[in-house]
Each structure stands twice: as structure tokens, then as C-alpha cells.
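Quantities reported herein were computed from a predicted structural model and do not represent experimental measurements.
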Amino acid sequence: MAVSQRDREYMARIAALKLESSAQALAEHRAQSVDERLRRSWALYMETRASVNVAQREDDPTAFYRLARELGLYRP
């Protein structure tokens, strides 16, 4: 099936908007302190961990957050 020039232009506009949106989200993320980033990350992990069997995962993030707390980078 052929793709029209109009379709290509439409998809290019969508891609440009998505790129702009992603850049904005990244800028907002980087504007946060490390403490706030870790707090939000931990909250997301706690919210979704029930849907994932963490015991079966090789990349259990618990040690990461424990170290961050020990280093004073994160306060729950």
C-alpha cells in the first residue's frame, strides 16, 4: 500500500510534537533534585511492584534505594 505525501507530512508533524513533548518532560525531570527524583522513582516502584514478581527478577531495585538512603541522597 502506497503512503501519500499528505500521510508522510502528518506523521512528521506527530513526530515533531512527540519530540518536543519528550524534551519538555526531560527538562522537567532534570529540574528536580536527586532526592525528589529518587522519591518519585521509589513511589512508582512501590505502586507497581505488586504487578511484578520482584523475587523472580534479577534487577530488584531494593539495593539501589538502600544505598541511596545510606549515602543521604534519598529520604523516604
Asker: Can any side-chain N or O of Ser21 pair as donor or acceptor with the backbone N or O of Leu17 at less than 3.5 Å?
Answerer: no

Asker: State, with a plain yes or no, whether a side-chain heavy atom of Gln5 is found less than 4.5 Å away from one of Arg8.
Answerer: yes

Asker: Are any side-chain N or O atoms of Arg37 and backbone N or O atoms of Arg30, one a donor and one an acceptor, separated by less than 3.5 Å?
Answerer: yes

Asker: Would Glu9 and Arg6 pass as an ion pair if we require N to O under 4.0 Å?
Answerer: no

Asker: Could you measure the distance from the OH atom of Tyr45 to the CG atom of Leu38? Nearest 0.5 Å is fine.
Answerer: 14.0 Å

Asker: Once you measure the plane-to-plane angle for Trp42 and Tyr65, does it fall in the parallel (<30°), tilted (30-60°) or perpendicular (>60°) bin?
Answerer: perpendicular

